[in-house]
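Report on the following structure.
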Protein chains: 2
Amino acid sequence: MEPSTNVLDLNLLRRSCSSCALNELCLPAGIGGDDLTRLDGTVKDKRTLERGGVLYRDGDPFKALYVVRSGSLKTFVQNEAGDTQILGFHLPGEIIGFDALASNRHASQAEALERSSICELPYAQLQQVTSEVPALHRQLMRVISREVVEEHRHLVMMGRQQAQEQLAIFLKSLADRYERLQRDGAALTLTMSRYDIANYLGLVVETVSRLFSRMEEMGVLEVNRKAVRILRPDLLADLCRNGHPTGSRRNDAG
Amino acid sequence: MEPSTNVLDLNLLRRSCSSCALNELCLPAGIGGDDLTRLDGTVKDKRTLERGGVLYRDGDPFKALYVVRSGSLKTFVQNEAGDTQILGFHLPGEIIGFDALASNRHASQAEALERSSICELPYAQLQQVTSEVPALHRQLMRVISREVVEEHRHLVMMGRQQAQEQLAIFLKSLADRYERLQRDGAALTLTMSRYDIANYLGLVVETVSRLFSRMEEMGVLEVNRKAVRILRPDLLADLCRNGHPTGSRRNDAG
DNA sequence: GCCTGCTGTTGACCTGGGTCAACCAGGCAG
DNA sequence: CTGCCTGGTTGACCCAGGTCAACAGCAGGC
């Protein structure tokens with residue numbers, strides 16, 4: 001348990017966190033100088049996944065957390081009956097694998113939606129560093145808490161929103177995340193299939209397909225296969241609140 | 001930041017974690033002797049809430065995590081439009097408040113469903129202790145990760161299951177948690193209203209009410225207002241997989 | 001006791017979105 | 001180039017569950 005040498009094994013390093021563009025979105029956010037160097041040391045060799053490549057599957061022993069460095073992934077669970085629920089789509093800077101902390105086994109599967117590269121954070125070493133760098137510990141807790149909040153949003157979307165609102169919210173959230181990455185939030189590239197989107201929202205493909213068409217007719221979007229352009233962000237924002245123009249309920253309290 | 005004295009201020013203690021029946025379900029799980037005493041020191045005066053009492057609301061500054069000691073609570077979020085989504089019902093031994101770690105403000109509201117008592121874990125002190133007791137740090141991460149996994153279950157239930165399956169799963173999960181608490185898992189007391197149950201499942205009251213009646217007709221349950229007796233746990237377990245006898249889809253992958 | 005107001009139940013009806021089926025457009029193997 | 005296969009779209013139809021309305025029962029206030 002002494003500050004071991006392999007924690008700082010610089011051979012494992014390719015490009016450092018300090019020079020990474022995702023810096024402020026990722027674990028290093030708010031971590032400075034020396035401490036950042038130590039975090040850097042724990043980041044293992046970056047992995048590359050092809051489209052469809054599996055980062056971890058349900059039941060795999062927990063070894064590391066992962067940061068999306070480029071590309072995109074989906075995470076999903078499958079119940080005994082074999083049906084799948086997509087939990088999230090993950091863009092660069094997002095950290096996945098937290099569900100494995102509970103039982104030391106992954107409780108979901110992570111799969112690349114396109115060629116993606118991944119930073120691996122071996123948990124044993126990460127733990128060592130967090131115990132020495134309180135700021136990192138706090139940051140780690142913040143990140144996992146953010147995941148909890150994110151899931152609450154997903155839950156609200158599924159439980160209370162109409163199909164059209166759901167898709168609008170999904171697109172809006174994607175646009176927002178694009179902008180955080182300094183990309184054009186109006187020009188989305190949907191790396192996931194319509195099936196994936198439908199599944200994520202608790203709908204079926206046909207519904208999603210129809211909704212894309214409808215939003216295109218409304219002049220909100222321009223849809224061209226995977227390329228979606230948001231023509232009227234204002235209308236899209238309206239749709240996020242407006243699946244139920246007449247104020248539908250679905251049981252509003254207790 | 002030095003090992004301060006107030007961390008071990010024994011005046012704040014009523015009954016210690018070490019003597020608490022929830023010991024093994026709660027934060028102390030796997031924590032022994034000396035370390036447990038230190039954790040004990042951080043647990044502040046227990047609070048009591050009446051039915052409907054609010055533990056924290058959305059936007060409140062984050063001060064502490066909370067453990068349900070007795071009774072039960074619900075947590076929920078409200079979106080701008082004002083509609084509510086219940087995130088969970090919390091029984092003794094369960095820890096709530098993690099969503100506040102992300103932004104230092106609570107992102108949900110917690111409300112007592114009946115007279116309940118709560119252990120307060122002031123986060124500043126908890127952090128101090130976790131930094132000194134690695135086992136506690138791990139346990140804390142495990143607990144929050146468990147919350148993530150739990151939310152995934154909720155998501156699957158909402159996204160993929162039929163109404164009847166959902167209610168069956170809800171009852172089953174409640175029964176399981178009763179048993180972990182050494183209570184009779186066949187004799188449930190639903191401290192939450194039908195509205196709450198419906199909201200939690202993304203349904204409306206009428207549907208839930210009808211489902212209770214249907215399950216009673218089927219001989220699975222005996223329902224008497226808040227008192228629900230599970231007459232046929234085997235059938236209930238079947239229903240958890242069997243809302244769709246003919247193998248419905250709702251879009252099964254990507 | 002009686003009234004009032006919640007919570008829960010039941011019935012009749014309606015609709016959003018699921019189901020089924022046909023078809024189209026790229027992508028790629030041969 | 002051709003044919004197949006996968007992903008996506010569109011139309012016609014249907015049903016689980018939402019909506020609306022009436023009512024029952026218990027709880028709390030006076």
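Reckoned from all heavy atoms, side chains included, excluding hydrogens, waters and symmetry mates.
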(request) Assign each of A:K226 and B:R225 to its nearest nucleotide of DNA chain D by heavy atoms, then name whichever residue's nucleotide is nearer the 5' end. (result) A:K226
(message) What is the separation between atom CD on A:Q161 and atom C1' on D:dG18, rounded to the nearest whole Å?
(response) 16 Å
(message) Would you say A:H152 and B:E151 are linked by a side-chain donor-acceptor pair, where the criterion is simply a distance under 3.5 Å?
(response) yes
(message) From CG of A:L201 over to P of C:dG17, roughly how many Å is that when rounded to an integer?
(response) 11 Å
(message) Looking only at the side chain of B:S193 (C-beta and beyond, no hydrogens), which of the listed nucleotides D:dT9, C:dG18, C:dT7 gets closest?
(response) C:dT7
(message) Rounded to whole Å, please give me the gap between CG in A:L167 and C1' in D:dT9.
(response) 15 Å
(message) In whole Å, I'd like the distance from the CE atom of A:M215 to the P atom of D:dT10.
(response) 14 Å
(request) Return the 5'-most residue of the pair A:R214, B:V223 with respect to DNA chain C, ranking by each residue's nearest nucleotide. (result) B:V223
(request) Nearest whole angstrom, please: distance from the C1' of D:dG11 to the CD of A:E206. (result) 11 Å
(request) Would you kindly give the CG-to-P distance between A:L190 and D:dT9, to the nearest whole Å? (result) 10 Å
(message) Can you work out whether B:S213 or B:R51 has the more 5'-proximal nearest nucleotide on DNA chain C?
(response) B:R51
(message) For B:E114, give me all partners under salt bridge (Lys or Arg N to Asp or Glu O under 4.0 Å), at least two apart in sequence or on another chain.
(response) none
(request) Report yes if a side-chain nitrogen or oxygen of A:T207 is closer than 4.0 Å to either non-bridging phosphate oxygen (OP1 or OP2) of C:dG16; otherwise report no. (result) no
(message) Please report the distance, rounded to the nearest Å, between CD in B:E217 and P in C:dT10.
(response) 8 Å
(request) Check whether the side chains of A:S70 and A:S117 place a donor and an acceptor atom closer than 3.5 Å, and report yes or no. (result) yes
(message) Using only modelled atom types and a 3.5 angstrom limit, is any donor from either the side chain of A:R210 or the base of D:dG11 paired with an acceptor on the other?
(response) yes
(request) Would you check if there is a donor-acceptor pair between the side chains of B:H90 and B:S72 at a distance under 3.5 Å? (result) no
(request) Please check if any side-chain donor atom of B:D99 sits under 3.5 Å from a side-chain acceptor atom of B:S108, or the reverse. (result) yes
(request) Round to the nearest Å and state the distance from B:D196 atom CG to C:dC6 atom C1'. (result) 14 Å
